[in-house]
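What's counted below: heavy atoms across the whole structure, side chains too, no hydrogens, waters or symmetry copies.
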Amino acid sequence: MKIDVHAHCFIPDSVAFRAMAMMTSSVKGIIEPNGDGTLKNLLDTMQRDGIDVSFMLPIATKPSHHEVILQNALALMDGSLDERSPRMIVPFASAHPLDPKLDAHLDEISSHGIKGIKFHPYYQNFSLDDPSVWPMFRKIADLGLVVQCHCGFDIGYPDRFDACGPKEVATLLKNVKGLKFIAAHLGGCAGYEPHATDELIDLGCYADTSALERDHGKPEQQRVLREWPREQLLFGTDFPWTSPVRSAAWVESIRPTEDLECVFSANAKHLLQLA
């Protein structure tokens, strides 16, 4: 079984086409997407590439996005958008630190049985080491929700290294005990000195294996994937920006066979208490 803890799509299709065009333009041809950003394309690609379940990760770039993201998650859960989604998609919500109804909205997310919340500090203009956002994360920890957060370098923000690198993640986790935190992109190692992520291991952090295919040959990405404890690694692709089948092959080329069940499915099942 393969569970992808890092995938994206946009709802409805008209939003997907606009969003993918905008983001592809913003990275100036550095990478080309492997999908069109629609729900159907995500589900079709999962079936083709042997991905059983994907965590679908939206981002609230404005406080007003709470409601539409929540309603999309509920539609994915009940199958009204595609009958495959209840068994193949685990939808996350998102939250914005400046939402004036933040506490109530976090309670609402939890009450609907949504498992986690996605953040991207660059798109949402905050830093993980800012004490003003720690009450939000304490509330999330108290609710038992999982945080999936972009970490490290982002090709869309080539001059930003100040909000969600390993140091900022470590500061957050030292100040918000018990937070279930997935540091995307191999703990945010891209753009930082070797071994910058290793402090996160003892803080109970998970790292997902999502990395751009152009980075699969880089020494630090390979080292993190090779050396982090298997219990703290989660398979992730960042689809539609990468190929799921090639992402899985990269993990299989570096981790020993006896580790693969943990990385591909068991850790995610345990973290989100999935059947």
Can you check whether [X] reaches [Y] side chain to side chain, under 4.5 Å on heavy atoms?
X: Pro121; Y: Cys149; result: yes
X: Met88; Y: Ser54; result: no
X: Pro33; Y: Thr24; result: yes
X: Ile31; Y: Glu213; result: no
X: Ile3; Y: Val90; result: no
X: Ile155; Y: Leu212; result: yes
X: Leu274; Y: Lys115; result: yes
X: Ile59; Y: His150; result: no

Near [X] [atom1], under 6.0 Å, is it more than 12 heavy atoms from other residues, nucleotides or ligands?
X: His112; atom1: NE2; answer: yes
X: Glu261; atom1: CD; answer: no
X: Gln273; atom1: CD; answer: no
X: Lys40; atom1: NZ; answer: no

For this session: Tell me yes or no: between the side chains of His195 and Asp198, is some donor less than 3.5 Å from an acceptor?
Result: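 Side chains of His195 and Asp198: pair found under 3.5 Å.
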For this session: Ignoring hydrogens and angles, state whether a donor on the side chain of Ser243 or Asn34 is under 3.5 Å from an acceptor on the partner side chain.
Result: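 There is no such pair between these side chains.
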Do [X] side-chain atoms and [Y] backbone N/O form a donor-acceptor pair below 3.5 Å?
X: Arg255; Y: Leu225; value: yes
X: Thr171; Y: Lys167; value: yes
X: Asn267; Y: Arg230; value: yes
X: Asp52; Y: Lys2; value: yes
X: Thr38; Y: Asp13; value: no
X: Tyr206; Y: Leu234; value: no
X: Ser210; Y: Gly236; value: no
X: Ser94; Y: Lys118; value: yes
X: Glu168; Y: Ser127; value: no
X: Gln124; Y: Ala95; value: yes

Which heavy atom of [X] sits nearest a heavy atom of [Y], and at what distance?
X: Phe137; Y: Leu179; answer: O-CD1, 3.7 Å
X: Gly188; Y: Pro166; answer: O-CD, 3.4 Å
X: Ser247; Y: Thr237; answer: CB-CG2, 4.0 Å
X: Ala211; Y: Thr242; answer: O-CG2, 3.6 Å

Exercise. Can you list the steps and then say if Asn41 with Phe239 is a side chain to side chain contact (heavy atoms under 4.5 Å, CB included)?
Worked result: CA-CA 10 Å; Asn41 181 244; Phe239 183 82; 3.4 Å; yes
Going by the angle between their ring planes, with limits at 30° and 60°, are [X] and [Y] parallel, tilted or perpendicular?
X: His185; Y: His6; value: tilted
X: His216; Y: Trp250; value: parallel
X: His120; Y: Tyr157; value: tilted

To the nearest 0.5 Å, how far apart are [atom1] in [X] and [atom2] in [Y]?
X: Leu143; Y: Ser110; atom1: CG; atom2: OG; answer: 4.5 Å
X: Leu81; Y: Leu74; atom1: CG; atom2: CG; answer: 10.5 Å
X: Leu233; Y: Cys262; atom1: CG; atom2: SG; answer: 9.5 Å
X: Ile140; Y: Phe181; atom1: CD1; atom2: CZ; answer: 10.0 Å

Exercise. Step by step, would you call Leu186 with Glu220 a side chain to side chain contact (heavy atoms under 4.5 Å, CB included)?
Worked result: CA-CA 9 Å; Leu186 293 161; Glu220 185 62 4; over 6 Å; no
Problem set entry | Carboxylate-amine/guanidinium contact Asp44 Arg84, below 4.0 Å |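 Result for this pair is yes, salt bridge flagged.
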For this session: Would you mind checking if Asp49 and Arg246 are paired as a salt bridge, meaning a charged N to carboxylate O distance below 4.0 Å?
Result: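 Salt bridge flag = no for Asp49 with Arg246.
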For this session: Could you walk me through whether Arg160 and Asp162 pass the salt bridge (charged side-chain N to carboxylate O under 4.0 Å, His left out) test, one step at a time?
Result: CA-CA 6 Å; Arg160 295 288 302 272; Asp162 57 350; 2.8 Å; yes
For this session: Output, in order, the C-alpha distance, side-chain angles, deciding distance and verdict of side chain to side chain contact (heavy atoms under 4.5 Å, CB included) for His105 and Glu67.
Result: CA-CA 9 Å; His105 285 163; Glu67 185 63 26; 5.8 Å; no
For this session: Apply side chain to side chain contact (heavy atoms under 4.5 Å, CB included) to the pair Trp241 and Met23, showing each step before the final yes or no.
Result: CA-CA 10 Å; Trp241 297 107; Met23 289 189 291; 3.8 Å; yes
